[in-house]
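The basis for the numbers below is simple: all heavy atoms, side chains too, and nothing from hydrogens, waters or symmetry mates. Below, read A as the first sequence line, B as the second, and so on, with proteins coming before strands; counting in each chain starts at 1.
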Amino acid sequence: MSEEIEKYPPNFIRNIIEKDVQAGKNSGQVITRFPPEPNGYLHIGHCKAICLSFGMAQEFGGSTNLRFDDTNPLKEKTEYMESMKTDIEWLGFKWKEERNASDYFEQLYQFAVQLIESGKAYVDSLSADEIREYRGTLTTPGRNSPYRDRSAEENLDLFRRMRAGEFADGEHVLRLKIDMASPNINMRDPAIYRIRHAEHHQTGDAWCIYPLYDYTHCISDSLEGITHSLCDLGFEAHRPLYDWVLDNINVNCHPQQIEFSRLNLQYTVMSKRKLKQLVEENLVDGWDDPRMPTISGLRRRGYTAAALRDFCRRIGVTKSDNNVELALLESVIREDLEDTAPRVMGVINPLRLVIDNYPVDQVENLTVPNHPKLESLGERTLQFTREVYIDRDDFREEANRKYKRLVLGGEVRLRYGYVVRANEVVRDASGEITEVHCTYDPETLGRNPEGRKVRGVIHWVSTTEGCPAEIRLYEPLFTVDYPDASDQDYRDLMNPDSLTIKHGFVEKSLAEATPDDHYQFEREGYFCLDSRHARPGHLVFNRTVGLRDTWAKIAQQED
RNA sequence: UGGGGUGUCGCCAAGUUGGUAAGGCACAAGGUUUUGAUCCUUGCAUCCGCAGGUUCGAGUCCUGCCACCCCAGCCA
């Protein structure tokens with residue numbers, strides 16, 4: 001059903017792939033890969049890459065491999081691999097093969113030997129600082145290392161001994177012999193192996209030399225028969241190197257690297273370094289904090305996989321810098337939940353409403369639809385009682401005509417219930433209203449009163465039949481739309497009000513909610529149970545996103 | 001100042017071999033509505049970074065500018 005809907009609108013990468021397929025390139029096959037480094041959690045920027053790589057393969061009947069790019073044992077952990085798999089599966093994608101770059105360590109080593117033998121790689125014994133000096137600058141060419149012309153025999157011997165662990169970290173490095181005067185800095189004899197006496201989460205202590213990205217990635221792609229290797233623009237200047245390596249070793253598959261621009265989203269940060277810092281400095285409640293742009297955070301917040309996929313389709317794929325508004329993300333989840341989330345009632349800022357002429361112990365069961373349009377979502381039972389909670393924002397002692405809620409002396413309908421008239425308020429010692437007393441019209445259940453119009457409908461929860469619930473409201477994590485663009489440290493730009501915890505009440509049917517359920521609290525927004533904080537008997541709801549609120553705009557203009 | 005990229009409505013983004021500017025989000029105005037939600041209708045770039053040129057005709061071709069982004073890890 002969704003196959004047609006989930007197709008990407010035209011974009012330059014799809015155009016390229018389409019032409020390749022039509023031309024019969026790669027026998028018409030499309031094989032992609034998603035190659036995360038397991039050094040953090042996946043975020044919505046990765047989501048764009050995942051949807052694209054898996055999506056392109058899907059559209060053209062191909063397949064996608066998941067490959068952990070684990071060439072840096074110092075930064076990677078298996079914990080991250082697990083979370084990444086969970087997130088990708090949750091997003092709805094299935095990889096064909098699960099691989100690790102470390103699976104290819106032996107082959108990578110043999111290719112390096114090949115390169116040395118053909119005089120295209122050499123062991124350099126310059127220090128890291130010296131290598132940097134020799135590299136030159138953006139505008140001045142580099143100089144050849146004094147070790148550049150070692151014989152193949154000597155290089156082979158040194159490289160073997162590097163592998164054998166005879167040298168300390170940093171003593172030597174294996175470099176490609178390309179061109180120290182290249183205007184592209186990446187081509188100035190890039191290092192492809194470094195010595196790291198470190199335990200690797202996959203290979204243990206089998207290796208003490210580890211290949212670098214530029215060397216590893218293209219060969220891994222080739223070994224897996226990848227046809228289109230999609231990555232972000234940051235690797236554009238590395239493409240000549242990607243191609244150089246594959247052109248200079250003996251492989252028969254040369255994938256095409258195509259770069260697209262990364263996603264920039266307003267009011268958040270996207271670099272793994274910063275997200276990690278937020279977690280480690282306890283500035284947020286873990287990688288899956290509902291305010292985080294991580295896939296796990298968005299999931300916990302209540303975003304659905306379908307909405308995220310839709311989002312990635314709507315933002316498009318180009319090479320231009322982009323700054324996507326939060327409004328688009330919000331609109332996409334509202335649109336998804338509009339047709340799928342059952343309606344319920346929850347009061348966030350409770351104010352007690354007493355219906356003086358309603359029988360004290362009476363409980364009236366009202367069978368009501370779960371959705372105003374979709375009968376398929378079924379019905380549920382509400383309990384109407386003498387005392388209910390309404391939201392403080394839905395009552396005013398006095399108000400002008402534009403205010404369509406409960407006003408002293410005026411009428412309003414309690415959603416699915418009766419029409420009530422507010423008669424008086426009760427205050428506490430500080431003057432705050434604690435109760436509103438009213439009377440109801442028994443003739444108004446399921447029908448409008450005669451001779452007068454009731455303009456408003458408000459939601460409510462029985463004080464005796466409803467359940468207390470903690471309700472968590474979220475605002476953006478940052479106060480500025482582009483924290484990365486600021487001169488200030490992004491941590492100083494964090495929004496102190498990004499999380500507000502309220503103590504409200506929800507209707508009884510919510511007692512059995514699970515974190516996988518999405519609800520619309522009528523007139524409030526979309527909510528889901530928090531997977532971390534909710535416990536049996538202790539309901540905690542996250543507000544995924546509020547409903548579109550045109551009244552808020554009107555009310556604001558009044559002030 | 002070297003190299004690589006990008007510039008189409010507030011944001012994202014389509015624009016086939018040049019033929020006379022899609023769509024989404026946002027916004028605005030109406031209508032429906034027991035959610036000020038949803039839904040429906042309507043409006044929203046004489047203009048495609050700028051300046052020239054080629055052409056009957058250019059966002060699409062040519063020339064020259066301008067702006068912004070990325071690259072100097074033994075990170076990915």
Side-chain angles (χ1 to χ4, degrees), chain A residues 9-11 15 35-37 39 69-72 74-76 101 124 126-128 131-132 135-142 169-175 182-188 190-196 210 212-214 216-217 231-240 259 261 263 266 272-273 313-332 334-335 338-339 343 345 368 371-373 402-405 412-417 419 444 446-448 454-459 520-525 546-555:
Chain A
N11 64 64
N15 293 344
E37 181 189 17
N39 68 341
D69 219 330
D70 56 350
T71 55
N72 188 349
L74 268 26
K75 291 188 175 174
E76 299 145 6
D124 197 355
L126 249 26
S127 70
I131 286 182
R132 190 179 316 118
R135 184 156 35 227
T137 70
L138 294 178
T139 51
T140 61
D169 288 6
E171 241 181 285
H172 305 287
V173 75
L174 185 68
R175 290 230 252 171
S182 172
N184 180 348
I185 290 227
N186 301 120
M187 299 298 271
R188 319 239 261 232
I192 58 171
Y193 267 94
R194 76 296 217 181
I195 301 171
R196 284 266 183 290
Y210 293 96
L212 279 106
Y213 170 84
D214 285 311
T216 308
H217 198 80
C231 62
D232 76 67
L233 243 25
F235 297 101
E236 203 163 26
H238 294 245
R239 191 172 64 236
E259 314 84 10
S261 57
L263 163 68
Q266 287 189 334
K272 263 201 243 178
R273 192 196 111 242
R313 262 175 271 124
R314 292 209 212 182
I315 56 177
V317 181
T318 66
K319 299 181 75 151
S320 44
D321 287 347
N322 57 83
N323 300 301
V324 176
E325 293 176 338
L326 216 44
L328 181 61
L329 223 208
E330 295 182 338
S331 121
V332 131
R334 284 195 192 106
E335 188 174 302
E338 162 64 23
D339 289 337
R343 271 54 172 172
M345 291 197 282
V368 306
H371 190 104
K373 292 178 179 170
K402 285 185 182 171
Y403 188 79
K404 303 198 298 187
R405 309 175 187 189
V412 78
R413 174 177 294 281
L414 293 175
R415 177 73 158 157
Y416 295 127
V419 169
T444 55
R447 65 178 174 205
N448 288 125
V454 177
R455 301 182 64 223
V457 180
I458 65 174
H459 57 97
Q520 184 194 99
F521 286 12
E522 290 205 55
R523 302 207 313 127
E524 291 289 1
L547 253 29
R548 212 169 255 112
D549 192 355
T550 52
W551 164 247
K553 287 175 197 166
I554 297 167

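- Distances shorter than 4.0 Å separate some side-chain N or O of A:Thr318 from OP1 or OP2 on B:rA13.
- Picking from B:rC12, B:rG15, B:rG5 the nucleotide with the shortest atom distance to the side chain of A:Ile315 gives B:rC12.
- Across all strands, A:Arg188 comes closer than 4.0 Å to no nucleic acid atom at all (heavy-atom distances).
- Among the heavy atoms of the strands lying under 4.0 Å from A:Ala128 is at least one base atom, whether or not backbone atoms are also near.
- Dashed line: the shortest gap from a side-chain N or O of A:Arg132 to OP1 or OP2 of B:rG73 is under 4.0 Å.
- Checked by atom type, the side-chain pair A:Asn322/A:Ser261 shows a donor-acceptor distance below 3.5 Å.
- Residue A:Thr140 places none of its side-chain N or O atoms closer than 4.0 Å to OP1 or OP2 of B:rG2.
- Contact of A:Glu524 with B:rU35 (side chain to base): no donor-acceptor pair of N or O atoms is detected under 3.5 Å.
- The partner of B:rC65 is B:rG49, by the rule that a Watson-Crick or G-U pair needs both atom distances under 3.5 Å.
- Side-chain N/O atoms of A:Lys319 and base N/O atoms of B:rU6 include no donor-acceptor pair closer than 3.5 Å.
- In this structure, the nucleotide among B:rA72, B:rC71, B:rU35 sitting nearest to the side chain of A:Asn186 is B:rC71.
- Pair check for B:rG19 finds B:rC56; Watson-Crick or G-U wobble, both atom distances under 3.5 Å.
- Residue A:Ile131 is in base contact, counting any heavy-atom pair closer than 4.0 Å across all strands shown.
- Nucleotide B:rA72 has no partner under the Watson-Crick or G-U criteria, as no pair reaches both atom distances under 3.5 Å.
- A:Gly525 comes within 4.0 angstrom of no nucleic acid atom, judged by non-hydrogen atoms across all strands.
- Phosphate contact (OP1/OP2 of B:rC75, side-chain N/O of A:Arg196, threshold under 4.0 Å): present.
- No engagement by A:Tyr193 is indicated, since no non-hydrogen atom pair under 4.0 Å with the nucleic acid exists.
- Counting distance only, with no hydrogens placed and no angle test, the side-chain atoms of A:Arg239 and the base atoms of B:rG4 include no donor-acceptor pair under 3.5 Å.
- Where A:Asp339 and A:Thr71 meet RNA chain B, the nucleotide closest to each residue was compared, and A:Asp339 sits on the side nearer the 5' end.
- Of the nucleotides present, B:rU42 is the one that pairs with B:rA28 by Watson-Crick or G-U wobble criteria, both distances under 3.5 Å.
- Put simply, the side chain of A:Arg334 gets close to the backbone of A:Gly546: a donor and an acceptor are under 3.5 Å apart.
- Contact annotation for A:Val317: backbone-only contact, meaning every heavy-atom pair under 4.0 Å involves sugar-phosphate atoms and none involves a base.
- Within 4.0 Å (heavy atoms only), A:Thr550 reaches sugar-phosphate atoms of the nucleic acid but no base atom.
- With hydrogens and angles ignored, no donor-acceptor pair under 3.5 angstrom links the side chain of A:Glu259 to the base of B:rG5.
- Remark: the backbone N or O of A:Ala101 is paired with a side-chain donor or acceptor of A:Asp70 at under 3.5 angstrom.
- Contacts of A:Leu138 with the nucleic acid, taken as non-hydrogen atoms under 4.0 Å apart, include base atoms.
- Listed pair A:Arg314 / B:rC11 fails the phosphate criterion, with no side-chain N or O lying under 4.0 Å from OP1 or OP2.
- No contact: A:Gln266 has no heavy atom under 4.0 Å from any strand.
- Between A:Arg548 and the phosphate of B:rA26, there is a side-chain N or O to OP1/OP2 separation shorter than 4.0 Å.
- The separation between A:Trp551 atom CH2 and B:rU33 atom C1' is 18 Å, rounded to whole Å.
- The CG-P distance, from A:Asp124 to B:rG73, rounds to 15 Å in whole Å.
- No contact: A:His217 has no heavy atom under 4.0 Å from any strand.
- Using a 4.5 Å heavy-atom cutoff, the side chains of A:Leu138 and A:Ile185 are in contact.
- Within 4.0 Å of A:Ser182, counting heavy atoms only, lies no atom of the nucleic acid at all.
- Formation of a donor-acceptor pair under 3.5 Å by the A:Thr444 side chain with backbone atoms of A:Val419 is found in this model.
- The aromatic ring of A:Tyr213 is not stacked on the base of B:rA76, since the criterion of ring centres less than 5.5 Å apart with planes inclined by under 30° is not met.
- A:Pro10 comes within 4.0 angstrom of the backbone, heavy atoms only, and of no base.
- By the rule that a glycosidic angle within 90° of 0 means syn, B:rG19 does not qualify and counts as anti.
- As rounded to the nearest Å, B:rA26 and B:rC66 have P atoms that lie 39 Å from one another.
- The separation between A:Leu547 atom CG and B:rG36 atom P is 9 Å, rounded to whole Å.
- A:Lys75 has its side chain out of reach of A:Lys272: every pair of non-hydrogen atoms, C-beta onward, lies at least 4.5 Å apart.
- Across every strand in view, B:rA13 sits unpaired, with no contact that passes the Watson-Crick or G-U test at under 3.5 angstrom.
- Considering all non-hydrogen atoms of both residues, A:Glu37 and A:Glu76 come closest at OE2-OE2, 2.7 Å.
- Among the protein residues, A:Pro240 comes within range of no part of the nucleic acid, since none of its heavy atoms lies under 4.0 Å from any strand.
- For A:Lys553, a side-chain nitrogen or oxygen approaches OP1 or OP2 of B:rC27 to under 4.0 Å.
- Nucleic acid contact for A:Tyr210: none, since no nucleic acid atom lies under 4.0 Å from a heavy atom of the residue.
- Regarding A:Asn184, its CG atom lies at a distance of 10 Å from the P atom of B:rG5, rounded to whole Å.
- A close approach under 4.0 Å does not occur between any side-chain nitrogen or oxygen of A:Arg273 and OP1 or OP2 of B:rG73.
- Between A:Arg343 and A:Glu338 a salt bridge is recorded (basic side-chain N to carboxylate O distance below 4.0 Å).
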